[in-house]
Number of protein chains: 2
Amino acid sequence: MLDGPIRDRVAERRELTRREIIDAAWEVAGEVGLASLTLRQIAAKVGMQAPSLYSHFESKNAIYDEMFARAWGDFEESALARWANLSGQPRLAVKQMVRHFFDFAVADLARYQLMNQRILVGFEPTARSFAPSLRVVERSAEIHQAAGVSSEDHLILLALVSGVVNQHFANDPGGTTYSDLLDRSVDMWADAVGLR
Amino acid sequence: MLDGPIRDRVAERRELTRREIIDAAWEVAGEVGLASLTLRQIAAKVGMQAPSLYSHFESKNAIYDEMFARAWGDFEESALARWANLSGQPRLAVKQMVRHFFDFAVADLARYQLMNQRILVGFEPTARSFAPSLRVVERSAEIHQAAGVSSEDHLILLALVSGVVNQHFANDPGGTTYSDLLDRSVDMWADAVGLR
DNA sequence: GTCTATACTGTGATAGAC
DNA sequence: GTCTATCACAGTATAGAC
């Protein structure tokens, strides 16, 4: 006999379908915008009728919630992996963290809006979906505190980076203007807070 | 006989009604969010039936466009008035400009979203409505150039300020966390660019 | 210029057959 | 679990009486 827990093929299949739906939702969001995405569009993309989605998600907001959780979960995963071996030079380490966030944010407008802006009116992420986001900010705060950065200055760094991302999307999406400005921005901040 | 052009009472009345509608639209936007505002809600607020709005605006986007123009027009008016007598000390002058923008932005989320973020999917401001926005940025660039600030550093300042506003709305709307951080943020930037 | 009436489309969501 | 059929409602927009 085989050891270990018995695989639950039904649950696995269900989870796979949920993932398919979320992937389709991201595709649609990229095409028509996060706010104008409709259940019918998602269903069409995944080869279902719209009502069938309700076998997998109890509402449209539940889909948004899963998208939110997945987006922050993905970022957390990639971030924690990188942050485990940052440069020993604090300034360089910060630049690495910032660059990673910038690249991740800029890669997908809809995802960035869902993760970091309040553009969906009726939607509030559940506590469960919000958890990865909290962990990432917390971990970033710890790293900066260890480097001697005050919590206020940490907030300013986050504001600066989010601002550069915003300006990128607003004024030069697809261009490199703000990507080119990123390192200088961080240097300014690092100089001011006295980071080696 | 009286001199001067004859008043056009009809046109005046029309313009007044348009203004009433835009004011009502801002009220509704503040209540339900910029994107979920409906013509029926605006009409109800102004004491009309929804179709009657089409006597004054040719579409919903035309209403958004007028809101956009009015918002930037208002900011331009108040900004140019202040910028005419800025402090002679460059750093203080920048702080005054930034503080004014921050206060204006933070006073109204819906207005800020319309002015500075792309949250409405089908909407693009017309060239006419976009003009005040361009003039403001242009004037700001001139002032900073006169103070010896490079155009790159000017862009970084704009990013920084927009980032602080964003973090305010995202993390502490109604609070003073980011308002309190604003001066220190600008000082960091001013130190880095060597502003007196 | 404003009204009533209405057209038409699209939305999220539900019921029940299979 | 997916389907068809349908609901109730809101969306923008137009026609025509007054």
Side-chain angles (χ1 to χ4, degrees), chain A residues 8-29 31-68 110 114 119-126, chain B residues 7-25 27-29 31-68 110 114 119-126:
Chain A
D8 184 340
R9 305 188 71 91
V10 176
E12 282 176 18
R13 178 72 207 163
R14 245 189 99 74
E15 182 51 36
L16 214 67
T17 305
R18 276 177 63 95
R19 181 170 291 270
E20 254 185 274
I21 291 169
I22 296 300
D23 289 343
W26 279 121
E27 276 185 60
V28 177
E31 293 164 11
V32 304
L34 187 65
S36 348
L37 139 184
T38 72
L39 296 184
R40 283 170 174 80
Q41 290 171 318
I42 299 174
K45 187 86 70 176
V46 79
M48 281 182 183
Q49 296 300 316
S52 303
L53 296 176
Y54 284 86
S55 302
H56 302 274
F57 294 94
E58 70 173 351
S59 71
K60 189 184 185 182
N61 270 353
I63 294 180
Y64 278 135
D65 195 55
E66 184 62 24
M67 293 168 80
F68 183 93
L114 182 59
I119 98 165
L120 268 22
V121 282
F123 171 68
E124 284 289 327
T126 58
Chain B
R7 283 175 54 197
D8 184 341
R9 306 188 70 92
V10 175
E12 282 177 18
R13 178 74 209 161
R14 245 189 101 73
E15 182 51 34
L16 215 67
T17 305
R18 275 176 65 95
R19 184 170 290 269
E20 254 186 90
I21 291 170
I22 297 299
D23 289 344
E27 277 186 57
V28 176
E31 293 164 11
V32 304
L34 187 66
S36 349
L37 142 182
T38 73
L39 296 184
R40 283 174 172 81
Q41 291 170 316
I42 299 174
K45 186 86 70 177
V46 80
M48 281 181 184
Q49 298 297 317
S52 303
L53 296 176
Y54 284 87
S55 303
H56 302 276
F57 294 94
E58 71 172 350
S59 71
K60 188 184 186 183
N61 271 353
I63 294 181
Y64 279 134
D65 195 53
E66 184 62 26
M67 293 169 79
F68 184 92
L114 181 60
I119 109 165
L120 270 20
V121 282
F123 171 68
E124 284 288 328
T126 59

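So you know, we letter chains A, B, ... as the sequences are listed, proteins then strands, and number each from 1.
- OP1 or OP2 of D/dG1 lies within a sub-4.0 Å distance of a side-chain N or O belonging to A/Arg14.
- Rounding to the nearest 0.5 Å places CZ of B/Phe123 at 11.5 Å from CD1 of B/Ile63.
- Overall, the helix from C/dG1-D/dC18 to C/dC18-D/dG1 carries an axis bend of 10° between its ends, with five pairs at each end and the value rounded to 10°.
- How far CG of A/Leu120 is from CG of A/Leu34: 5.0 Å, rounded to the nearest 0.5 Å.
- Interatomic distance, B/Arg19 CZ to B/Glu66 CD, rounded to the nearest 0.5 Å: 8.5 Å.
- Listed by chain and residue number, A/Lys45 satisfy the salt bridge (charged side-chain N to carboxylate O under 4.0 Å, His left out) test with A/Glu31 (two or more places apart in sequence, or in another chain).
- Separation of atoms CD (A/Glu12) and CZ (A/Arg9) is listed at 6.5 Å; rounding is to 0.5 Å.
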Detail all sub-3.5 Å separations between protein N/O atoms and N/O atoms belonging to nucleotides 16-18 of chain C.
none

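- Nearest approach of A/Leu37 to A/Ala25, heavy atoms of both residues: CD1-O, 3.7 Å.
- Atoms CG (B/Leu53) and P (D/dA15) sit 17 Å apart, rounded to a whole Å.
- Residue B/Ile42 holds its CD1 atom at 7.5 Å from CD1 of B/Ile22, rounded to the nearest 0.5 Å.
- B/Ile21 approaches B/Phe57 most closely through the heavy-atom pair CG2-CE1, 3.7 Å.
- Within residues 15-26 of chain A, no residue places a heavy atom under 4.0 Å from DNA chain C.
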**Fill in**
Scoring nucleotides 3-15 of chain C by protein non-hydrogen atoms under 4.0 Å (B base, S sugar-phosphate only, - none) yields BBB-----BBBB-
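- The local environment of CZ in A/Arg18 is crowded, with over 12 non-hydrogen atoms from other residues, nucleotides or ligands closer than 6.0 Å.
- For the atom pair A/Glu20 CD and A/Leu16 CG, the distance stands at 6.0 Å (nearest 0.5 Å).
- For residues 48-64 of chain B, no pair satisfies side chain to side chain donor-acceptor pair (under 3.5 Å), with sequence neighbours left out.
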